[in-house]
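Supplied in structure tokens, the structure appears directly below.
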Amino acid sequence: MVIAVRRIIFFATLFTIWEILYRLNQVYEVRSTTLFPSPIGAVEQLYIGFFETGILTEALSQSLQRIAVGFTLAVIIGALLGIVLGISKIADETLGSLVIALQSVPSIVWLPIAFVLFGVGNTAIIFVVTLGGTWAMTLNMRMGIKNVEPILIRAAKTMGYQGKELVWRVMIPASIPSALTGMRLAWAFGWRALMAAELIGRGGLGRTLMDARDFYNMDLVIAIMVIIAVIGLIVEYLVFNKIEKNVLSRWGLNDNR
Amino acid sequence: MVIAVRRIIFFATLFTIWEILYRLNQVYEVRSTTLFPSPIGAVEQLYIGFFETGILTEALSQSLQRIAVGFTLAVIIGALLGIVLGISKIADETLGSLVIALQSVPSIVWLPIAFVLFGVGNTAIIFVVTLGGTWAMTLNMRMGIKNVEPILIRAAKTMGYQGKELVWRVMIPASIPSALTGMRLAWAFGWRALMAAELIGRGGLGRTLMDARDFYNMDLVIAIMVIIAVIGLIVEYLVFNKIEKNVLSRWGLNDNR
Amino acid sequence: MQSVSIKNVEKTFSNTKELGSFTVFDDISLNIQEGEFVSLLGPSGCGKSTLLNIIAGLDKATKGTIYVGDHLVNGPGSDRGVVFQEAALMPWLTVLDNVTFALKKKLPKQEAKKRAEEYLKLVHLSRFLDSYPYELSGGMKQRVSIARALAMDPDILLMDEPFGALDEQTRSMLHKELHDIWEKTQKTIIFVTHNIRESILLSDRIVLMGTRPGGIREVYPVSLDRPRDTSSTGFIQLEKEINSVLAKEIDKVMKEEIGDGYSR
Amino acid sequence: MQSVSIKNVEKTFSNTKELGSFTVFDDISLNIQEGEFVSLLGPSGCGKSTLLNIIAGLDKATKGTIYVGDHLVNGPGSDRGVVFQEAALMPWLTVLDNVTFALKKKLPKQEAKKRAEEYLKLVHLSRFLDSYPYELSGGMKQRVSIARALAMDPDILLMDEPFGALDEQTRSMLHKELHDIWEKTQKTIIFVTHNIRESILLSDRIVLMGTRPGGIREVYPVSLDRPRDTSSTGFIQLEKEINSVLAKEIDKVMKEEIGDGYSR
Amino acid sequence: GEGSASGEDVNIGYFPNLDHAAGIVGKEKGYFEDEMGDRPVEFQNFPNGNDFIDALDGGSIDIGYVGPGPAINYYLSGGEIVVIGAAANGATLLVSQEDTDIHNIEDLDGHAFGTPGNGCTHNVQLEIMMKEEGLESSRIGGTVDHQSHVAPASSVGMFEQGELDAYAAPEPWGTLLEQEHNANVISEWDEVFLGEELASVVLVTTPEYLEENPEEVDNVLRAHKKSVEFTQENTDETLATVNNLIYDLTQNELPEEVLVKAWDRLEVTTETHADALQDWATASYELNFLEEEPDLDGFVDTSRLDSILDEE
Ligand SMILES: Nc1ncnc2c1ncn2[C@@H]1O[C@H](COP(=O)(O)OP(=O)(O)OP(=O)(O)O)[C@@H](O)[C@H]1O
Ligand SMILES: Nc1ncnc2c1ncn2[C@@H]1O[C@H](COP(=O)(O)OP(=O)(O)OP(=O)(O)O)[C@@H](O)[C@H]1O
Ligand SMILES: [Mg+2]
Ligand SMILES: [Mg+2]
């Protein structure tokens with residue numbers, strides 16, 4: 001409860017400061033008045049988009065489907081890749097270089113490649129979203145695996161664990177804190193890639209965002225940002241945070257100060 | 001040496017397979033022939049761009065300056081933020097929510113905001129690059145701090161370490177593996193953001209990339225990808241990998257299998 | 001040097017889901033004089049480390065207070081040096097750096113290094129100054145940790161089974177060294193051990209703790225002359241006495257475990 | 001059950017930058033019979049844990065071979081159960097789950113649980129089945145780790161100072177239990193300890209190792225009748241003998257540390 | 001079904017913009033459906049030429065409205081595309097920021113101009129005019145700084161903050177800059193290079209589609225013709241339709257007076273000037289955007305449109 005209140009106060013304060021800045025700017029015109037968005041305006045746009053025109057409802061449902069699939073794939077593929085890189089030296093030296101080489105490649109470059117591979121459509125978008133999230137998961141998982149206390153692996157080996165089971169029962173549980181960070185980042189970068197990918201014009205929040213930008217509806221841009229942020233927060237507190245609390249308290253890491 | 005040979009063979013194989021696919025496609029036209037890039041074509045473009053027209057030389061030097069500044073800022077800011085979130089519960093519950101809310105916001109959204117704040121120019125681009133890399137660093141640093149073995153912190157406290165010094169001498173060294181992953185990701189996502197930000201047409205590889213796309217010069221697009229990848233590999237092996245090897249071997253984590 | 005006075009201290013862990021809240025001990029009071037050498041004995045899990053951590057200021061007592069001299073303890077400080085039950089070495093520092101790490105707050109660099117080397121020599125680790133902790137054996141780690149605490153030269157030394165992982169020769173060599181240091185510097189030492197002989201050999205007083213419920217069972221002053229002879233009658237007498245009280249404690253636990261008193 | 005034969009084993013760590021390559025021991029040979037109880041004694045850092053790890057298949061010998069029965073050891077296996085010097089518990093598993101974790105490969109779930117509970121009762125931890133490792137005291141962790149290895153019921157038990165962090169009562173209770181289990185199941189046991197008494201009390205043979213250079217110094221067969229009486233003359237005699245040899249080893253190290261033999 | 005043009009659907013692409021009025025009106029009024037009979041029609045709108053071309057190339061649209069620049073560049077790089085008619089001509093306005101002294105092309109010397117894309121329609125138009133005045137863009141070593149990817153949306157903010165001196169603007173943004181942000185008009189739409197003649201929007205398809213589905217193409221062209229005629233006769237309703245579409249996409253409308261004024265700066269028409277396209281391409285070559293001398297033979301094929309226009 002205290003936490004929730006703290007959080008609400010924090011966000012309410014930000015909101016107010018922003019609106020004040022907006023109004024001051026309207027009067028003194030320090031910055032572009034067309035482009036400076038207002039948080040109240042954003043709330044209005046949210047209302048209109050969900051309850052009047054319905055464009056946000058539709059765009060959101062499309063984007064959610066894509067992020068859900070893309071994120072899931074990114075986490076699975078990223079985790080597998082990370083495990084392989086963490087375990088096998090040869091893979092780390094070859095495939096690892098490739099991962100490092102590819103991870104800086106931006107979505108705008110992947111997009112045309114995805115089109116060539118999958119045609120223009122949902123598959124291409126999901127491909128780009130998956131790529132967007134995979135590397136963060138991969139690198140975090142890799143480091144998680146490399147950081148497992150050797151004694152735990154050794155102990156498990158003497159109990160007959162090896163190969164897949166050793167990975168599954170020891171290395172993965174031991175890397176959960178790292179994996180969690182990987183998942184958080186995969187989520188975030190999946191969204192970013194999604195926004196970039198949706199520009200090609202098959203709907204979704206990304207397209208709406210671009211259109212809103214092109215026609216100076218900065219309030220709607222902010223409204224979409226808010227939607228993404230709120231979904232991020234919901235997932236954070238329903239999923240990631242729960243897992244983290246659980247893991248950290250089990251491991252006795254709760255009170256690190 | 002063995003490693004280098006392995007890596008070269010690996011990449012050479014990839015290159016060859018790709019070129020074969022390209023040629024097959026030229027003949028059988030399974031996919032669009034205009035948009036399917038050829039690796040040999042990319043090499044040609046690299047040669048032209050660096051030694052004939054010089055556009056790549058110039059674009060690269062501009063982009064490098066921006067990524068250098070942006071990456072450095074991202075690492076510093078991200079590390080500081082991550083430390084604060086890792087240490088302070090109140091900060092984690094308020095500022096932490098904000099970080100989580102903001103990290104999914106894509107560069108295309110930050111861009112107009114950056115324009116409003118800093119005007120169109122290098123500063124805005126660097127701002128976007130910094131934002132692109134900061135969150136990955138923040139979250140990894142945060143988890144690194146949360147994961148420090150409590151006994152080490154306790155031991156240092158009894159030796160009179162507290163506050164800043166405790167952070168600097170114990171928590172940060174203990175989180176280096178996590179921080180390293182954060183830096184790798186900050187680097188990667190900094191590049192991605194840079195490419196998106198440079199689209200506004202103030203030079204750099206991002207603009208060249210977009211220009212190339214406008215004229216369907218997919219070989220040049222790939223050439224730029226290769227440049228980014230190669231720089232990524234250089235930094236990886238000159239910086240990140242060296243640090244990692246050093247740290248992992250000091251900690252006795254080298255042979256985790 | 002400093003006295004330590006423990007007043008009505010209780011420690012309850014309330015975060016344990018399984019047991020609800022778990023009270024380790026609920027009313028411990030003890031006055032330790034300046035320059036006194038006190039041993040804590042007791043069955044595994046009775047709260048010796050917990051009490052030591054509270055004195056060190058690392059854990060908070062749920063009730064009661066601890067004074068060091070006139071100061072209320074409300075946090076750790078370098079006036080109290082701790083040898084932890086685990087070695088607690090920084091994995092990114094060499095053996096030498098681990099020791100100087102503890103001295104940097106007090107001494108200039110060169111001096112810190114000199115003193116660290118000196119104490120590492122004392123624990124026979126001169127050859128391993130540049131080794132990293134993962135390259136050490138269990139006993140070697142423990143010796144580094146002892147050297148570190150001694151080198152810090154705190155007013156109060158809190159030692160949690162410092163010699164547990166050492167062979168008997170090294171152990172008795174260190175008994176002698178610790179005794180000499182104590183005599184010379186008049187430190188106050190609180191020493192947790194499982195070794196009854198060791199406690200009789202070294203201490204002015206032995207505090208015997210029990211469990212379920214946790215607390216102090218007996219306090220034995222040791223009035224034998226130093227250096228003490230393990231084969232003297234007084235020594236053997238005391239050893240037997242403590243042994244029998246401890247045996248009773250263990251028996252109680254055993255009954256609880258095996259008998260009907262406890263059921264899942 | 002299985003015999004263990006160690007043939008000309010050498011272990012050199014070559015990754016150490018500081019010391020160049022470091023040879024722990026260079027030619028160890030030892031035959032351990034089926035059902036034999038052998039103790040390893042020796043000064044800290046002489047390579048007891050290293051040898052145990054090589055037998056467990058966790059480390060590779062740089063030279064030489066180890067056979068368990070007729071099989072060349074080239075990796076760990078659940079025929080050899082290990083109690084590590086550190087407790088090595090999985091931090092994400094409860095006490096009970098840590099023990100069943102070791103049994104899941106062999107037994108059905110229900111049975112594994114039953115057996116785990118049984119052995120945890122043996123080490124007096126029934127009340128802490130659902131606790132996580134960080135909620136345990138040092139001795140409690142070690143007891144979990146002992147229960148885990150015993151519950152696995154391997155042919156060969158490799159124990160690295162298993163009772164180091166336990167009070168003397170619990171220790172002697174576990175001596176009895178271990179002895180009973182050994183007699184009943186005829187396991188082959190290799191037991192590292194610093195406690196000379198403990199080694200005489202339990203073993204058929206005592207292997208005394210030394211350091212700088214590392215290797216086996218002496219092997220003492222213990223022919224005393226069981227149950228052994230620590231106050232019997234044979235016992236005291238043997239204790240003294242071993243003690244004096246060990247003392248010589250330590251002296252050697254001490255001279256190296258303090259004298260001119262070694263300089264930095 | 002996604003990602004391929006096979007089967008029943010006819011997929012039509014367009015941009016949510018004023019000069020695409022023909023396509024927008026045809027869609028809103030149902031002209032395409034009417035002509036197509038029982039074959040379903042799907043519409044997709046695109047934010048920029050590249051994405052449109054990607055979609056055409058990947059087969060997720062069959063036919064559509066697009067600017068000539070991306071179409072020509074794609075064609076010249078070997079892409080399969082054919083122009084089957086024009087949809088609008090004109091619609092380029094050259095403007096400068098209010099605080100600058102730029103009123104003529106030659107005033108650009110030493111200043112910075114922006115264009116929506118690199119080598120896009122407006123870019124070539126402006127630079128060829130500069131060339132006549134002896135000015136060159138920084139891209140080829142000249143004295144006028146060129147910012148090649150200033151989206152129309154960004155141009156407004158950059159003008160407001162004085163960070164861009166001049167802009168080769170597509171309509172309605174040129175007018176918006178003029179009306180709402182007091183921009184100076186450097187060159188009116190009919191004074192720019194190729195002015196009224198140069199298509200601002202063309203109707204394109206792939207040669208393959210044209211060959212395999214001549215009837216569908218004819219149907220689209222018939223609907224296109226109807227739409228063009230409607231827009232020519234009903235300005236108010238056309239503008240309202242366009243603005244509604246913009247609102248549906250962005251919950252925002254452009255000021256009506258901007259649209260009205262902008263409407264006069266373009267011409268919705270089926271009149272296709274193939275030679276203007278060739279001239280534009282040649283100019284692009286002269287400006288070093290293209291490496292080889294362009295030959296647009298076979299790029300424009302208005303035969304089907306011409307016969308439909310002749311039908312009456
Ligand atoms: N973080 C914790 N949460 C819950 N219970 C704890 C925690 N830390 C310790 N305990 C409990 O407190 C009791 C005392 O632990 P402590 O470590 O002080 O024992 P000890 O006397 O040092 O034992 P040993 O001799 O085995 O080291 C134990 O029963 C342990 O389970
Ligand atoms: N990974 C390693 N790298 C380098 N040296 C090592 C490594 N592990 C152990 N050693 C060295 O090997 C020697 C033997 O170590 P080991 O752990 O076997 O000793 P031990 O006999 O078990 O001692 P203790 O009784 O203190 O546990 C030590 O000198 C140690 O420094
Ligand atoms: Mg303890
Ligand atoms: Mg050992």
Side-chain angles (χ1 to χ4, degrees), chain A residues 3 6-7 10 31-32 35-36 86-87 90 93-94 97-98 100-109 112 115-117 135-136 139-140 143 145-148 150 153 177-178 180-181 184-185 187-189 191-192 195-196 209-210 213 218 221 225 228-229 232-233 236 248 252-253 255-257, chain B residues 3 6-7 10 14 31-32 35-36 86-87 90 93-94 97-98 100-109 112 115-117 135-136 139-140 143 145-148 150 153 177-178 180-181 184-185 187-189 191-192 195-196 209 213 218 221 225 228-229 232-233 236 248 252-253 255-257:
Chain A
I3 301 180
R6 230 178 239 163
R7 229 172 252 147
F10 180 75
R31 296 295 178 193
S32 159
L35 297 186
F36 201 116
I87 293 174
I90 295 187
E93 279 157 11
T94 53
S97 305
L98 188 66
I100 281 153
L102 291 186
Q103 62 173 349
S104 337
V105 176
S107 304
I108 1 164
V109 178
F115 293 155
V116 172
L117 292 176
W135 311 132
L139 285 191
N140 273 284
M143 193 48 102
I145 297 281
K146 287 207 170 235
N147 250 329
V148 179
I153 296 173
S178 278
L180 210 58
T181 299
R184 282 191 169 113
L185 290 171
W187 173 258
F189 291 112
W191 267 107
R192 293 189 181 193
M195 291 298 103
L209 191 146
M210 250 338 230
R213 238 197 88 187
M218 289 310 283
V221 168
M225 244 175 86
I228 300 175
L233 286 176
E236 168 69 22
L248 291 188
L253 296 173
D255 307 313
N256 262 14
R257 288 148 301 145
Chain B
I3 301 180
R6 234 179 237 162
R7 231 174 249 146
F10 179 76
L14 281 185
R31 298 291 177 197
S32 158
L35 297 185
F36 200 115
I87 293 173
I90 296 187
E93 278 156 12
T94 53
S97 304
L98 189 66
I100 282 154
L102 291 185
Q103 63 173 348
S104 337
V105 176
S107 304
I108 2 162
V109 178
F115 292 158
V116 173
L117 292 176
W135 312 132
L139 286 191
N140 273 284
M143 193 49 102
I145 297 280
K146 287 208 169 235
N147 250 329
V148 179
I153 297 174
S178 278
L180 210 58
T181 300
R184 282 192 170 113
L185 290 171
W187 173 258
F189 291 112
W191 267 107
R192 292 189 183 195
M195 291 297 102
L209 192 144
R213 260 200 79 192
M218 293 310 285
V221 169
M225 239 176 89
I228 300 176
L233 286 176
E236 167 69 22
L248 291 188
L253 294 172
D255 307 314
N256 261 12
R257 286 150 303 145

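Computed from heavy atoms alone, side chains included, the values below leave out hydrogens, waters and symmetry copies. Sequence lines set the chain letters: A, B, ... in the order given, protein chains first and strands last, and positions in each chain run from 1.
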Review point. With a 4.5 Å heavy-atom cut-off, do B/Leu209 and B/Met225 have their side chains touching?
Key: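 A side-chain contact under 4.5 Å is absent here.
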Exercise for review: Would you name the heavy atoms of A/Ser97 and B/Leu233 that are closest together and state the gap between them?
Suggested key: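 Closest approach of A/Ser97 to B/Leu233, heavy atoms only: O-CD2, 3.4 Å.
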Practice item. Select one option (side chain, backbone, both, neither) describing which atoms of A/Glu236 are under 4.5 Å from chain B's heavy atoms. Key: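 The answer is the side chain of A/Glu236.
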Review point. Any side-chain heavy atom of B/Ile228 within less than 4.5 Å of one from B/Met195?
Key: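 Yes, their side chains come closer than 4.5 Å.
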Check your understanding: In terms of heavy-atom proximity below 4.5 Å to chain B, should A/Leu139 be classed as side chain, backbone, both, or neither?
Key ->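 Its backbone and side chain both get close to chain B.
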Review point. How long is the span from the CG atom in A/Asn140 to the CG atom in B/Asn140, to the nearest 0.5 Å?
Key: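 Reported value, rounded in 0.5 Å steps: 4.0 Å.
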Check your understanding: So with a 6.0 Å cut-off around CD1 of A/Ile90, is the heavy-atom count from everything else above 12?
Key ->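 Result for CD1/A/Ile90: open.
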Exercise for review: Side chain from CB out, backbone as N, CA, C, O: work out which of these in A/Leu180 comes under 4.5 Å of a heavy atom of chain B, or both, or neither.
Suggested key: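 Interface part for A/Leu180: side chain.
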Exercise for review: Please state whether the side chain, the backbone, both or neither of B/Gln103 comes within less than 4.5 Å of a heavy atom of chain A.
Suggested key: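 Contact with chain A: backbone and side chain both.
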Exercise for review: Output the option from A/Trp135, A/Trp187, A/Phe10, A/Trp191 having the highest count of non-hydrogen pairs under 4.5 Å with chain B.
Suggested key: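 Looking at each option in turn, the highest pair count goes to A/Phe10.
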Check your understanding: Between B/Thr181, B/Thr94, B/Val105, B/Leu98, which shows the greatest number of heavy-atom pairs under 4.5 Å with chain A?
Key ->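 Winner by heavy-atom pair count: B/Thr94.
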